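Down below is the structure, laid out as structure tokens.
The structure presented is a predicted model; accordingly, all values stated were derived computationally and were not measured.
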Amino acid sequence: MQRKVPEFVETHLDEIIERWKQRMKDDHGDRFFQIMPEEVVERTSREFAGLIVSNLTEDGQKYETKLHEFSERIVRLGWSITLVMKAIENFSDTVYQMLWEAEVINDGNVAEYFEVLNGWIRPLREEVVEAYSSTWERTISLQKIALQELSASLIPVVDKVSVMPLVGTIDTERAKLIMENLLEGVVRHRSEVVLLDITGVPVVDTMVAHHIIQAADAVRLVGARCMLVGIRPEIAQTIVALGIDLNEFTTTSTLQRGMQEALALTNRKIVEVDE
């Protein structure tokens with residue numbers, strides 16, 4: 001009986017996959033699956049079915065390798081954990097229904113086959129979810145590191161003037177990284193004026209403003225001036241409503257205007273050249 005299930009799945013794999021895909025597409029809660037390109041659906045479906053079969057037919061090392069590779073792939077595709085669980089459930093239900101239709105399961109052995117199927121799917125579900133969660137956490141961690149590195153770099157644009165574009169939410173951890181990169185960059189590039197561009201910061205609250213003010217004070221201590229640029233109208237309203245004091249800052253609404261101010265502070269300006 002233990003061998004009949006994987007043998008049946010391997011023999012009827014094409015039909016099982018087609019029925020399973022239709023179940024997934026009929027599930028109105030999984031609209032993402034419906035809009036995936038057909039070739040991606042087909043390839044991923046076969047990989048998923050192969051993973052489930054290998055759980056019964058292959059040794060632990062081969063199965064673990066397939067499980068790891070599949071988990072990374074579905075994370076990249078954007079499958080939610082709900083979708084993964086639904087996929088396993090629908091695959092199990094499809095196999096069960098086809099076993100009934102083929103009269104492999106009948107009233108006399110239904111309890112035994114149910115136990116076999118349950119003993120197959122339950123640990124598989126736990127293993128897939130654990131692998132998925134581990135891969136997702138690692139992916140998020142790597143993305144967070146990449147975002148921190150990309151959004152906290154001081155960029156020299158012209159002599160004596162540098163820009164630091166800030167992107168995303170600024171928490172205490174990121175504020176520390178911003179401060180370190182800012183001070184190191186000011187000294188390395190011999191900057192006299194630094195523009196902090198907050199165009200990519202979605203929300204400026206009291207904590208974010210506090211971190212920015214601290215960064216500006218630190219820049220002044222190493223002999224440079226700090227300007228705050230990219231203040232959108234909604235951000236300006238928030239700053240006023242919160243009573244945040246930015247009087248020590250030179251502020252502008254755009255990076256372009258900030259560059260003009262920075263050049264003026266270093267006794268330069270932009271002029272048009274006649275051809």
Can you list every pair that meets salt bridge (Lys or Arg N to Asp or Glu O under 4.0 Å) and has a residue in [range], with sequence neighbours left out?
range	answer
residues 192-216	Lys160-Glu192
residues 213-228	Asp217-Arg220
residues 131-143	Glu72-Arg138

With sequence neighbours excluded, tell me which residues meet salt bridge (Lys or Arg N to Asp or Glu O under 4.0 Å) with [X].
X	value
Arg190	none
Glu103	none
Arg232	Glu234
Glu130	none

Are [X] and [Y] grouped together when hydrophobic residues (ILVMFWY) are joined by side-chain heavy atoms under 4.5 angstrom apart?
X	Y	result
Ile239	Val203	no
Ile88	Leu13	yes
Val208	Leu242	yes
Val110	Val104	yes
Val201	Met207	no

Could you measure the distance from the [atom1] atom of [X] to the [atom2] atom of [Y]? Nearest 0.5 Å is fine.
X	Y	atom1	atom2	value
Leu166	Leu228	CG	CG	8.5 Å
Ile213	Cys226	CD1	SG	10.5 Å
Asp93	Arg19	CG	CZ	12.5 Å
Phe114	Asn109	CZ	CG	13.5 Å
Asn90	Met85	CG	CE	12.0 Å
Phe91	Ile16	CZ	CD1	5.5 Å

Closest non-hydrogen atom pair between [X] and [Y], with its separation:
X	Y	result
Ile235	Pro202	CD1-O, 3.9 Å
Val229	Leu195	CG1-CD2, 4.0 Å
Ser162	Ser191	OG-OG, 2.6 Å
Met164	Ile178	SD-CG2, 3.6 Å
Leu182	Ala215	CD2-CB, 3.8 Å

Among all residues two or more places apart in sequence or in another chain, which pass the side-chain contact (heavy atoms from CB on, under 4.5 Å) test with [X]?
X	answer
Ala218	Met179, Leu183
Asp159	Arg268
Arg188	Glu184
Glu18	Lys21, Glu42

Q | Audit row: Val163, Leu154, side-chain contact (heavy atoms from CB on, under 4.5 Å) steps and yes/no | A | CA-CA 6 Å; Val163 176; Leu154 190 67; over 6 Å; no

Quick one: does any side-chain atom of [X] pair with a main-chain N or O of [Y] as donor and acceptor, under 3.5 Å?
X	Y	answer
Thr252	Thr254	yes
Trp20	Ala87	yes
His12	Phe8	yes

Q: Report the residue from Leu196, Thr251, Leu265, Val194 that forms a side-chain contact (heavy atoms from CB on, under 4.5 Å) with Met227.
A: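 Exactly one pass, corresponding to Leu265.
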
(Q) Between Arg23 and Glu89, does any NZ, NE, NH1 or NH2 come within less than 4.0 Å of an OD or OE carboxylate oxygen? (A)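 No salt bridge links Glu89 with Arg23.
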
Please report, to 0.1 Å, the donor-acceptor pairs under 3.5 Å made by any side chain of residues 255-263, with sequence neighbours excluded.
none

